[in-house]
2 protein chains.
Amino acid sequence: MGTRYRGTREEVNVLDAFIKLMRASDSLTSRLSPLLSSAGLTLGQFGALEVLLHLGPLCQSELGRKLLRTGGNITMVVDNLERRGLVRRERGEDRRFITLHLTKEGRQLIQKIFPKHLDALLREMRILTEAEQKELGRLCKKLGKGSEGEIQAEGGCKKEITPSKGGRK
Amino acid sequence: MGTRYRGTREEVNVLDAFIKLMRASDSLTSRLSPLLSSAGLTLGQFGALEVLLHLGPLCQSELGRKLLRTGGNITMVVDNLERRGLVRRERGEDRRFITLHLTKEGRQLIQKIFPKHLDALLREMRILTEAEQKELGRLCKKLGKGSEGEIQAEGGCKKEITPSKGGRK
DNA sequence: ACTAAATAATTTAACATTAAAGTATTATTC
DNA sequence: GAATAATACTTTAATGTTAAATTATTTAGT
């Protein structure tokens, strides 16, 4: 572990903490993903189903805000979920909006998977005491700040705080 | 912030800490990426150049281990870097190996960008005291454990601890 | 009412990412 | 020394991801 970069003490400390933060989030999502894969779900698909389960029907733009994803991405994720019959698109009164509903199959699937996901997460996090989890949350919250403070879906694994960076072209 | 899931206290605590961890890492990488984009580099490309700068010439498989990426991914990232003339592929004596070298342009670019990246990271992390950074590192290290303990490149932003999960097909 | 602005969703192009299969090269084993 | 295994890299197919451009619809301003 640690960094090989030769710099000031502060630089080395910062790089070290940053690297461990990235490692931890990557490692956790990576260890949690086999369960989702076994249900044929990607992280994004799981996050979408989970938001729909816990927050109820939403339009795509709202889902994008919850998941911190761009509209184009939501279109694709929903396309794939719809193709598998897990969600249903429904045009609203305002025909610009499309409300997303879980189908029966979608609801069954996410209700089956979410508890397992939570179990796995509990097992992972129990390596820390309750006080340590609290402290980790506090530190991460400080670091993550600057973002717009949207409500994060439960247990989903999201990327990119601002749907505006890291793009191509 | 926080979770909307109704569960036991432990479940809520764990979800809360987990979500904040994900938020922090996403938020940080997202806030760091505009600088890289301005140099036309993706996170993966930056990570590759940075490893080559600080660890010297490497073969692709070794680079993949450092960046915790699959071979196929490394092939593509190196393709793109090579196309821009930032790295050079060199067949080794053992003709299965390809050693990657920074070109002059590649070296100049990463030497120009890395200090800026580090500056930006320092600014982000200074929201925490040195003791908090240390504690964050300690907690994240515990959480990230279970992985194989490879050396992480300095300042790079990686994904996936194990080059084996989250795939498709 | 008509235009202009705003909003929601989609499409497009480029790159990232994985797993799995394929190719080339080297090492091992009989 | 020829068959086999191991290793390194590439290719392929699928999904994800973004920014930017496009389309459809609604709202606001005149």
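In what follows, every chain begins at residue 1, and chains take the letters A, B, ... in the order their sequences are listed. Computed from heavy atoms alone, side chains included, the values below leave out hydrogens, waters and symmetry copies.
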Are there any protein N/O atoms within less than 3.5 Å of an N/O atom in nucleotides 2-5 of chain C, and if so, which ones and at what distance?
none

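- Closest heavy-atom contact between B/L36 and B/F46: CD2-CD1, 3.5 Å.
- Taking side-chain N and O atoms only, A/T70 has a distance below 4.0 Å to OP1 or OP2 of D/dT18.
- Look at CG on B/L41: it is 15 Å from C1' on C/dA14, rounded to the nearest Å.
- What separates CG of B/L43 from C1' of D/dT18 is a distance of 12 Å, to the nearest Å.
- Between C/dC15, D/dG16, C/dT17, one nucleotide has an atom nearer to the side chain of B/V77 than all others, and that is C/dT17.
- Counting only heavy atoms from C-beta on, A/M76 has its side chain closest to D/dG16 among D/dG16, C/dA9, C/dA16.
- Using a 4.0 Å cutoff on non-hydrogen atoms, the parts of residues 93-101 of chain A near DNA chain D are A/E93, A/D94, A/R95, A/R96, ordered by number.
- If you check D/dA8, D/dT15, C/dA16 against the side chain of B/Q45, the one that comes closest is C/dA16.
- Residues A/K66 and A/L55 form a side-chain contact, since some pair of their non-hydrogen atoms from C-beta on lies under 4.5 Å apart.
- Residues A/L109 and A/R84 are in side-chain contact: their nearest non-hydrogen atoms beyond the backbone lie under 4.5 Å apart.
- Spacing between atom CG of A/L36 and atom P of D/dT15 amounts to 16 Å, rounded to whole angstrom units.
- Screening A/R9, A/E11, A/E10 against A/N13 for a side chain to side chain contact (heavy atoms under 4.5 Å, CB included) leaves a single residue, A/R9.
- Using a 4.5 Å cut-off on side-chain heavy atoms (C-beta onward), B/S61 and B/I74 make no contact.
- Distance from the side chain of A/Q60 is smallest to C/dA9 among C/dA9, C/dT18, D/dG16.
- The CG-P distance, from A/L81 to C/dA9, rounds to 15 Å in whole Å.
- One atom, CG of B/D26, and another, C1' of D/dG16, lie 14 Å apart when rounded to the nearest Å.
- Using a cut-off of 4.0 Å between Lys/Arg side-chain N and Asp/Glu carboxylate O, A/R83 and A/D79 are scored as not salt-bridged.
- Every residue was checked against the side-chain hydrogen bond (donor to acceptor under 3.5 Å, both in side chains) condition with A/D119, not counting sequence neighbours, and none meets it.
- Straight-line distance from the CG atom of B/N80 to the C1' atom of D/dT17: 15 Å, rounded to whole Å.
- Atom P of nucleotide D/dT15 and atom CD of A/E82 are separated by 14 Å, given to the nearest angstrom.
- For B/T99 (side chain) and B/P57 (main-chain N/O), no donor-acceptor pair under 3.5 Å exists by modelled atom type.
- The CD1-P distance, from A/I74 to C/dT11, rounds to 15 Å in whole Å.
- Under the 4.0 Å criterion applied to side-chain N and carboxylate O atoms, A/R88 and A/E82 are not assigned as salt-bridge partners.
- Among C/dA9, D/dC9, D/dT15, the nucleotide with an atom closest to any side-chain atom of B/C59 is D/dC9.
- Close to C/dA16, at under 4.0 Å from its OP1 or OP2, lies no side-chain N or O of B/N73.
- Between A/L52 and A/I110 there is no side-chain heavy-atom pair separated by less than 4.5 Å.
- Within 4.0 Å of A/S61, counting heavy atoms only, lie sugar-phosphate atoms of the nucleic acid but no base atom.
- Within the 4.0 angstrom heavy-atom criterion, no nucleotide atom of any strand lies near A/R91.
- For B/R89 and D/dT10, the shortest distance from a side-chain N or O to OP1 or OP2 is below 4.0 Å.
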